[in-house]
Structure formats: structure tokens, C-alpha cells
2 protein chains.
Amino acid sequence: MLSVRCASPGRSSRIPPEGVPSLAETFKEISPADFFYRNRDVAGFSNPTRAVYSTVRELVENSLDACETRGILPDIFIRITSLQGASDVSQVLKILVSDNGSGIPPQYVPQAFGQVLFGSKYVLKQMRGTFGLGGKMAYLYGQITTNAPLRIVTSTGSKVHEFSLMIDIQRNRPKVVQQKELKKIKKWRGTMVEFSIEGDYYRASPKIVEYLRQTAMVAPYANISFIDVEGRLIRFMRATNLMPKSPKETLPHPHGIDVENLQRIIEFSKDRNMQQFLTKNFHRVGKATAKLFLNEFKIDPRKDPKKLSHDEIVELARALRSFEGFLPPDASCLSPLGENLLEAGIRKELQPEFVAVESRKPSAYSGHPFIVEVGVAYGGKVQQGGSLYRFANRIPLLYDESSDVSWKVVNQLMNWKRYNVDLATAPLAVVVHVCSTKIPYKTVGKEYVADRPEIEREIMNAMRDVARRLSLFLSKRLSYEREKRRFDVFERYLPKMAKYAASTVGLKSVPSVKPLLVKASKLSSEVVEGGKEKEDLEGSVAS
Amino acid sequence: MLSVRCASPGRSSRIPPEGVPSLAETFKEISPADFFYRNRDVAGFSNPTRAVYSTVRELVENSLDACETRGILPDIFIRITSLQGASDVSQVLKILVSDNGSGIPPQYVPQAFGQVLFGSKYVLKQMRGTFGLGGKMAYLYGQITTNAPLRIVTSTGSKVHEFSLMIDIQRNRPKVVQQKELKKIKKWRGTMVEFSIEGDYYRASPKIVEYLRQTAMVAPYANISFIDVEGRLIRFMRATNLMPKSPKETLPHPHGIDVENLQRIIEFSKDRNMQQFLTKNFHRVGKATAKLFLNEFKIDPRKDPKKLSHDEIVELARALRSFEGFLPPDASCLSPLGENLLEAGIRKELQPEFVAVESRKPSAYSGHPFIVEVGVAYGGKVQQGGSLYRFANRIPLLYDESSDVSWKVVNQLMNWKRYNVDLATAPLAVVVHVCSTKIPYKTVGKEYVADRPEIEREIMNAMRDVARRLSLFLSKRLSYEREKRRFDVFERYLPKMAKYAASTVGLKSVPSVKPLLVKASKLSSEVVEGGKEKEDLEGSVAS
């Protein structure tokens with residue numbers, strides 16, 4: 001592309017716009033920005049409602065990431081104001097989101113905000129962002145609906161910079177409209193973005209609030225304040241100052257290597273021999289393991305990786321994927337919620353009668369480590385008819401539920417009857433959280449997780465485990481209620497019987513039935529069925 | 001991007017590969033090819049099975065498009081051979097697809113096959129391809145799994161060219177390994193691609209065959225031959241030489257215009273004044289309409305579009321979207337199946353007892369014309385429990401059914417009870433075909449159509465219509481069966497009664513009951529309930 005474009009500078013500027021008829025078959029090149037502009041639907045900007053929802057969501061996620069990568073307790077502020085009604089179904093909105101995160105170095109600002117497929121998300125690391133695209137889609141959508149520039153104020157701790165820029169969509173290049181340095185009042189670090197967008201706020205707002213509520217549920221260490229179009233302030237306050245350790249970046253695991261990836265690593269590495277190459281560039285490959293591997297596949301440890309032929313590289317890639325000797329990916333780079341945080345969140349938000357949570361051991365799919373966490377909440381304030389809460393790398397997923405792997409497990413694979421649960425009527429809520437260095441989303445809009453077999457299996461196992469505990473609770477409760485009913489009978493009739501017995505034998509004072517009650521409540525429920533003990537009691541009273 | 005890249009040539013070549021840890025936050029740029037390489041899942045290449053399926057599918061669709069744009073009766077040939085077992089779940093496959101379509105001019109071949117976001121699909125026209133991406137994703141996937149070059153033989157009618165090339169993923173640039181001109185034996189025009197890919201053929205094959213079967217169902221004018229790994233030949237022969245008129249390219253409809261699009265059209269157009277600008281560049285805007293529009297929004301017809309300010313452009317875009325005076329998009333550019341073809345296809349494939357089809361009038365969503373065609377098949381060889389067949393621009397959609405707008409309509413919005421249909425048990429099949437200059441897919445993998453309100457409404461109306469006809473058929477059949485049962489009673493007993501009556505009154509010959517039977521069968525079913533007519537009959541016999 002480089003050469004092509006440079007060879008004919010400005011060429012792309014004469015590309016006819018979409019829909020200008022041309023000869024039978026015109027071949028043309030479009031920029032990535034142009035691609036996503038033409039295909040908003042794939043990035044979650046399919047209609048005015050979704051557009052507003054996705055915008056808030058993507059910006060909040062970027063802000064949270066910006067804080068967590070630096071281990072900063074997040075303070076997120078969101079404000080949406082309505083400038084004017086654009087049509088009956090949509091308004092021109094001004095959206096402002098600010099955080100106290102890492103901030104962006106000024107030299108990167110134009111591209112980081114004004115160029116699609118440029119960003120800091122292209123590393124192997126647990127992050128909310130995956131595609132480095134969501135934020136830009138929002139600005140892009142704002143620009144194409146209102147044509148107003150994007151305003152950015154950011155500081156990495158020292159100076160504060162303000163930018164005003166737009167995106168040249170056809171060339172996927174930022175256009176800086178204005179740039180200045182602001183006088184610094186107090187020590188501030190973070191990023192604030194403000195831009196206008198046309199969308200349907202009123203349909204979007206319930207989803208937005210729900211999204212923020214669920215986000216707060218899995219990020220209780222964040223302050224999130226939201227001022228909506230009506231000027232109402234909705235706050236989700238920090239519940240703890242303890243942050244889960246921030247996720248680390250990792251090397252690729254050999255089982256996830258493909259030829260392309262391997263070639264890049266070779267091209268990039270400075271290692272002189274295979275032994276060193278393997279230990280330096282791959283996750284979980286130590287000296288010993290490397291030796292074993294090289295032995296098994298008859299590769300000379302002293303060979304220079306840069307001297308590998310194409311076919312050798314293909315073979316090597318296949319060998320790396322298939323070798324059993326590598327340890328599974330180490331999940332220390334992940335930061336799951338943990339069972340306590342998950343349970344606390346569920347209790348706080350759903351106020352159930354019973355909760356069971358399970359945080360699975362780390363596992364891996366095609367070289368990417370991942371951890372599955374599952375929780376079930378039953379009874380109490382939980383609504384009837386089994387609701388499902390999905391999270392991926394701490395992102396609540398609210399759309400296209402039925403395409404998600406969790407939905408498949410809960411509604412199709414799980415045999416709930418075996419656990420005495422009728423999914424249709426039970427006051428049951430299921431929570432699933434998947435965290436990984438790479439969540440296999442099936443849409444750029446990050447609506448749902450693909451049903452990779454490894455992930456499906458982990459969710460299934462976790463689900464079975466919590467379901468078992470739930471059914472135990474249910475049967476316990478059942479026998480307790482039976483016992484309770486039985487006891488109530490005694491409580492009601494024993495005093496009467498005692499009185500009667502007393503009068504017949506001419507006792508002055510009616511004897512206390514307490515000891516009997518105690519005795520009764522201890523009787524095993526089997527014996528009860530025949531009213532046997534009644535006689536005993538009468539007998540004992542009579543004597 | 002242009003300037004940035006040229007300013008630092010080769011810069012991208014030092015981008016660390018994914019997963020090479022770098023400083024806390026590294027900002028980097030990736031090419032579109034790299035983006036889709038990193039995010040295969042979003043393009044339908046999420047696992048070895050899907051990869052093979054998507055590959056065949058994308059190549060077949062490109063071939064069909066290549067034929068139909070030129071109005072050529074398609075002859076598609078597909079061959080998959082297994083080179084070696086790569087692992088227990090996947091094999092190295094060689095895939096060959098050839099067609100007799102338009103062929104590709106040699107100067108475009110390298111980019112058309114080796115550069116993502118370059119192609120002939122970026123126009124407003126009903127095509128199977130939408131993203132100009134699927135084929136390249138297949139080659140890309142083949143390259144990263146086998147690292148073998150892609151072989152292309154193509155001719156636009158004159159010379160035959162052969163290319164062997166690979167994709168420089170990091171730079172999104174084709175690398176031509178070899179190029180030569182072939183001696184021409186006979187006049188041949190078309191394209192043949194051959195490349196190797198690692199995938200799970202055996203899991204994919206049923207889906208592939210089902211895909212080809214359904215494709216043949218909606219493209220009965222095509223010859224499709226498929227030789228599978230076992231060497232079996234599966235053929236879907238041409239059933240008709242009549243091709244639906246090939247779809248035309250259109251201008252954008254004013255109701256679908258956004259600011260970005262409008263700016264491009266202005267930049268591109270050579271029109272001197274607004275009047276001319278509107279009539280020349282927009283769909284369904286004639287002189288009269290243009291005048292009305294310009295009047296209503298107080299725009300000077302003589303104004304030079306190139307002189308419009310940013311704010312004026314924003315206002316103009318809004319005006320174009322909201323003006324009621326424009327005619328709805330003209331669907332002459334679309335090529336629906338038509339009710340006959342649809343019904344024929346259904347009868348051939350499903351062999352039902354009853355069929356009802358409905359081809360709706362053209363409609364439009366945000367400026368894109370579309371047509372919805374729906375069919376229901378009942379009874380006969382149709383399986384129980386309501387199956388749904390989805391097509392978009394003649395593409396069968398086999399994955400993620402439950403996220404598709406048609407599924408929503410059939411399973412959630414339609415009240416089938418009202419039509420005497422129990423969806424769970426009925427031998428019912430529903431077929432939905434949506435064709436448009438732009439299908440709003442929600443994934444780049446083209447698995448399902450977004451539930452745009454306009455499209456949903458059209459499907460709903462069509463569905464109600466065919467359902468009404470179905471319920472009519474069902475109630476007719478019901479009353480027929482009741483009538484039948486009733487008639488059988490007479491048929492059984494009348495002769496006996498006649499005999500008995502004859503003997504009692506001492507008749508020699510038993511009178512014929514035919515006239516009575518005829519009479520009986522004509523009796524209205526109400527009268528039957530009380531066995532009243534029996535007496536009548538006896539009476540009439542007795543007299």
C-alpha cells in the first residue's frame with residue numbers, strides 16, 4: 001500500500017464517492033476509516049439509538065482502561081446535553097467524557113483520535129478495548145452526522161494540551177483544526193473528550209444507565225458520575241479502594257502461533273540461535289523446555305532463526321502449535337474479579353436469597369489464556385424466569401444475548417431439571433464473566449463472545465458446579481420447610497392436649513409443653529408420618 | 001495516513017509484532033490487512049471448520065457476482081483436495097474455484113487479490129459481496145496457516161494471465177511472486193483461483209453442501225459442480241436459462257445522505273449550480289422535485305455547491321434527509337427472485353403440501369431500496385417444528401440464525417396461534433429473501449441481517465399475508481376432513497339401512513343409495529351433529 005499510494009499521491013482523493021455510478025466494474029481502494037464509515041452496522045452503530053449507546057460505552061471503556069493500566073482509581077465523568085431536536089426520532093447531542101487516567105502524549109493525540117487502526121490496544125493484554133476502533137467510530141459517527149470537530153484536553157502529568165480535530169475519512173488521516181497549550185491551574189492528569197453527535201437519546205438512555213450500573217457492579221473501585229439530558233445526576237460511588245492488580249502484557253504462547261506471527265517475531269528479534277529465540281520470544285518456554293522441543297523436532301539449537309526457509313518456518317509453526325511439552329499459559333497476566341468481589345457485586349445489585357460463585361482455574365484457547373467466573377443468584381429480589389448477566393474483561397454485554405456462548409450454555413446445554421430448577425419460572429439470575437488477553441468477539445461492536453470450544457467447556461463446568469450447590473440449597477430448604485410444618489402442628493396442639501390431660505387427671509397447674517416441643521422438633525421427619533409420637537406424648541403426659 | 005506513511009517510509013516495518021511486550025502504552029498503526037488478520041473472528045474465520053466453510057462461500061459468491069454483473073450464465077467449479085493431515089482436527093487443503101465470469105484486467109489482479117479494502121464492491125448495487133473482504137480473508141487465512149502463495153488464472157476475453165502472489169499483511173500490499181502470460185488454447189473468459197489452507201474439512205462439509213444446495217435453490221440458472229475431498233462429484237445443474245435481469249448501480253437517495261457523503265459528492269461533482277447538482281447526483285430527483293426542495297428550504301438554485309459553507313452543508317444534508325417531496329427509491333436497480341421462481345424453488349427443495357409466497361413492493365431504509373420476499377411451505381415432506389431459510393441478495397445465511405431479523409419476526413413477533421399454527425409442532429418451513437443495494441449485515445462475516453425497523457416491518461407484513469393464506473388452507477382442510485368423516489358414515493350405514501328397510505316392506509330389489517349419498521354429502525355440516533337426517537332417510541326410504 002505504501003508504495004502504491006506514494007507512487008500516485010493524492011490518487012485516493014479522486015475516488016468517486018459511494019453511489020456515483022461508474023463503468024461496469026470499477027476497482028478502487030478505500031481507507032479503513034472509509035470502510036467503517038460505510039459499514040457502521042458492524043461496529044455497533046446501526047441506528048440512532050445504538051449510536052448513542054455505543055458512543056457512551058466505548059468512551060467509558062477507554063477511560064477505565066486509561067486508569068487501570070496505570071493502577072489509578074478511576075473517576076469517570078459523563079455529561080450528555082441536547083443541543084436541538086434534529087428530527088422526531090433523534091437529537092443533536094453534545095457528549096463529554098473525562099477521566100483521571102494516564103493521559104495521552106501530545107505527539108500521539110492527532111492519530112490516536114483521528115486515525116482508524118492507530119492506537120495502544122494492539123498488544124496481548126487484558127483490556128476492555130480490543131479493536132482500537134470503538135472510540136474512533138464514535139467520533140466518526142459524530143462527524144458524519146454533525147460535521148463538528150472533536151475537542152480533546154489531555155495531560156500526562158506535566159503540561160495540559162487542547163486539540164480540536166476532525167477525521168479525513170477518505171484518507172484516514174487526522175486534520176488538526178486547532179492546538180494550544182492550556183495554563184495549568186492545578187496538577188491534573190487525564191483526558192477529556194467532547195463532541196457532538198446526532199442520535200436518539202431517549203431510547204438509548206435506559207440501556208446507558210443499565211450499562212453504567214453493571215459496569216459499577218464489576219468495577220466497584222470506580223467513581224462514575226453521569227449527568228443526563230434532563231440534568232439529572234446519576235452517581236455510582238466507589239465502594240472500595242482496593243483495585244485488582246492491573247493486567248500485564250505477555251508474550252505469545254507457542255500453541256497460538258501461526259506462520260505470519262512467527263515470521264514477524266523472527267523479523268523483529270535479534271536472537272542469534274533457536275535456543276535463545278524460543279526462550280526470549282515465547283510465553284512459558286524456559287531453557288529446559290526449549291531443549292526438549294528442539295530435540296523432539298530435530299532442530300539445531302545453534303541455527304540462526306533469520307536463516308530459516310519458508311518451509312522450515314511453516315514446519316516450525318506447526319511444531320510449536322502441536323508440542324505437548326509446553327506449560328499451559330500462565331494467567332498471572334489476567335485480572336479476574338475473584339469470587340469475593342463477584343459475590344459482593346451480585347448481593348449488592350440483585351439482593352438474592354442464595355448466591356453461589358465459582359472462579360475457574362486459568363485455561364487457554366489457541367494460545368490465549370482466559371479465566372471464566374460464574375455466579376448464580378436465587379430467590380430474594382431476583383426476578384422470575386432466569387436472567388443472564390454477561391461480562392467480558394469487565395465489560396457488561398447487553399446486546400445480542402442469544403448469540404453469546406453463555407446463553408448457549410445456560411439455555412441449551414445445561415439440564416436444569418437435574419438441579420431441581422425450572423428455568424422458565426425460577427427466580428434465578430446467572431452471571432458469567434470471561435477475562436482474557438484476547439476475547440474472541442464475533443462482532444467489532446463487541447456484543448457477544450464466540451463459542452470457542454475451550455471457553456464453552458469452562459463455562460459449562462463452572463455452571464454445573466454452582467448449579468450443584470444451588471440444588472443442594474433448594475433440597476435443604478425443602479426438608480427444612482417440611483420439618484417446620486410438622487413442628488407447627490405440635491406447637492398448636494400440644495398445649496391443648498396438655499390442658500385436657502391435666503384436667504382429666506385433675507392436676508391444678510397445666511404442665512409446660514416446652515420440653516416436649518424441643519423433643520418433637522428433634523424427631524426425625526420419617527417417624528412423623530405415622531402420628532406415632534402423639535401417643536407417646538399423651539402417654540408421657542398421662543404418666 | 002498518506003503523508004504520515006510517506007514521511008517515514010518503512011516505518012511500519014518496525015512495528016513490534018502482537019505480543020512483544022513494550023513500554024506501558026505503545027501507540028502503533030496497523031494496516032487493514034493486519035486488523036483483519038488479528039480479528040479473524042469478526043469476518044467468519046473463527047475456527048478451522050468455519051474457515052473452510054467461509055472460504056468456499058466467499059469464493060463462490062465472488063464467482064457468481066463476476067458472472068451476473070455481465071449477464072453470463074454461471075458455470076462454477078469447486079474442488080477441494082486434502083494434501084496432508086495437519087493435526088487431528090484439521091488438514092491442509094487445496095481449494096480451487098473457477099468461473100466463466102467477467103475476468104479481471106491484469107493490471108488490477110495484484111491489488112484485487114492481495115490488498116484488503118481494494119475491490120469492485122464499493123458501489124451502490126445489489127451484489128452478494130458487500131465488504132470486498134471475504135475472498136481476501138480466505139487467501140489471508142490460507143497464507144497464515146500454510147504460507148503458500150495464491151495462484152490466479154484470469155482472462156477478460158483476450159489474453160490469459162497467470163499470477164502467483166502473497167499478501168504483505170503488515171503493509172497490506174500484494175507481493176507478486178510470479179506473473180506470466182499463458183498460451184491460449186480456446187476462447188476462455190473467467191477467473192480461476194487456487195490456494196491451500198489449513199482447516200477442518202470434515203466438520204465443514206455438510207454445511208458446504210447445504211450452502212451450495214440452497215444457493216442452487218435461488219440461482220437455478222447456474223451450474224455448480226463440486227468435487228469433494230473423497231473425489232465425489234456433487235452437481236447442481238442449471239434448471240433454466242432465464243437469468244433475472246442483472247441489478248444496476250444507482251445514485252444515492254437523498255433520504256440516505258449524511259454530511260460526509262454529501263461533501264464527497266460536492267467535491268467530486270462538476271455541476272455549477274444547486275438545481276443541476278441535485279438532479280445530476282441524486283436518485284429520484286427530477287427538475288420539478290429539485291425546484292420544490294430548493295424553494296422549501298430557501299436555497300438559491302443558482303448557488304455553486306462548491307461554495308457551500310460547512311454549516312450550510314450540514315443543513316443541506318438534514319434537509320435532504322427530511323424532505324417529504326422525494327419519491328421513494330426506485331427498485332428497478334434490484335433483482336428479486338420473483339414469486340414464481342421462489343415458489344418453484346420451494347416446491348422443488350421442500351416438496352410441501354401447501355405453498356404461499358409473497359413478494360413485497362419495494363421499500364427503503366435510510367436511502368437504500370430493498371425488497372422483501374417471503375414464502376411458507378406446509379405439510380408434505382416439510383419437517384416438523386418450523387425451520388427458517390434465510391437469504392440476502394441470493395446468499396443463503398446458515399449461521400447465527402437467532403440474531404437475524406427474520407428469526408425475530410418468525411419466533412417473537414408473529415402470533416402463529418391466530419393462524420391456527422403451533423410453531424413447535426407444525427410441519428412448517430419459512431423462507432425469507434431480502435435484496436437491497438446494501439444489506440445491513442451486523443457482522444463482516446455476513447451471517448445475519450440487522451433489525452432495521454423498515455426491513456422488520458416489511459418482513460412482518462409479508463409474513464402476515466402468507467400466514468393468512470396458510471390458515472385459510474388449514475381451516476378449509478379441516479372442514480373438508482369433517483365433511484369426509486360424515487360422508488364415510490353414510491357410505492357405511494345407508495346400504496345396510498336400505499337393505500333392512502327393503503326387507504321389512506318386502507321389496508324384491510334393494511333400492512340404490514347413490515342419490516341419498518350425493519344428497520348427504522351436500523348437507524351442511526351443522527345439520528349433521530344431531531343424527532337428524534338418518535330419520536329423514538329412513539322416512540324417505542319407507543315411503
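Every chain is numbered from 1 and lettered A, B, ... according to where its sequence line falls, protein lines coming before strand lines.
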- Task: Could you tell me which portion of A/F36 (side chain, backbone, both or neither) has an atom closer than 4.5 angstrom to a non-hydrogen atom of chain B?
- Result: side chain
- B/A450 versus chain A, heavy atoms under 4.5 Å apart: side chain, backbone, both or neither? side chain
- Task: Mind listing the closest non-hydrogen atom pair of A/V314 and B/N147 along with its distance?
- Result: CG2-CB, 3.4 Å
- Task: Might you work through the side-chain contact (heavy atoms from CB on, under 4.5 Å) test for B/Q263 and A/I144, ending with a clear yes or no?
- Result: CA-CA 10 Å; B/Q263 272 175 323; A/I144 63 182; over 6 Å; no
- Task: Check the pair B/R264, A/D34 against side-chain contact (heavy atoms from CB on, under 4.5 Å), reporting the backbone distance first and the verdict last.
- Result: CA-CA 12 Å; B/R264 294 187 190 187; A/D34 204 353; 2.9 Å; yes
- Message: Taking side chain to side chain contact (heavy atoms under 4.5 Å, CB included) as the criterion, tell me which of A/I167, A/I169, A/L140 meets it with B/E260.
- Response: A/I169
- Item | Parallel, tilted or perpendicular, as decided by the 30° and 60° cut-offs, for the rings of B/Y448 and A/Y448 | tilted
- Task: State whether B/K442 and A/E447 are salt-bridged, where the test is any N-O pair (Lys NZ or Arg NE/NH1/NH2 against Asp/Glu carboxylate O) under 4.0 Å.
- Result: no
- What part of A/T145 is in contact with chain B, defined as an atom under 4.5 angstrom from a non-hydrogen atom: side chain, backbone, both or neither? backbone
- Note on the structure: Taken in chain and number order and not counting sequence neighbours, the residues that satisfy salt bridge (charged side-chain N to carboxylate O under 4.0 Å, His left out) with B/E401 are none
- Message: Counting only non-hydrogen atoms closer than 4.5 Å, does B/D258 touch chain A with its backbone (N, CA, C, O), its side chain (CB onward), both, or neither?
- Response: both
- Without swapping roles, check the side chain of A/Y37 against the backbone of B/N261 for a donor-acceptor pair under 3.5 Å. yes
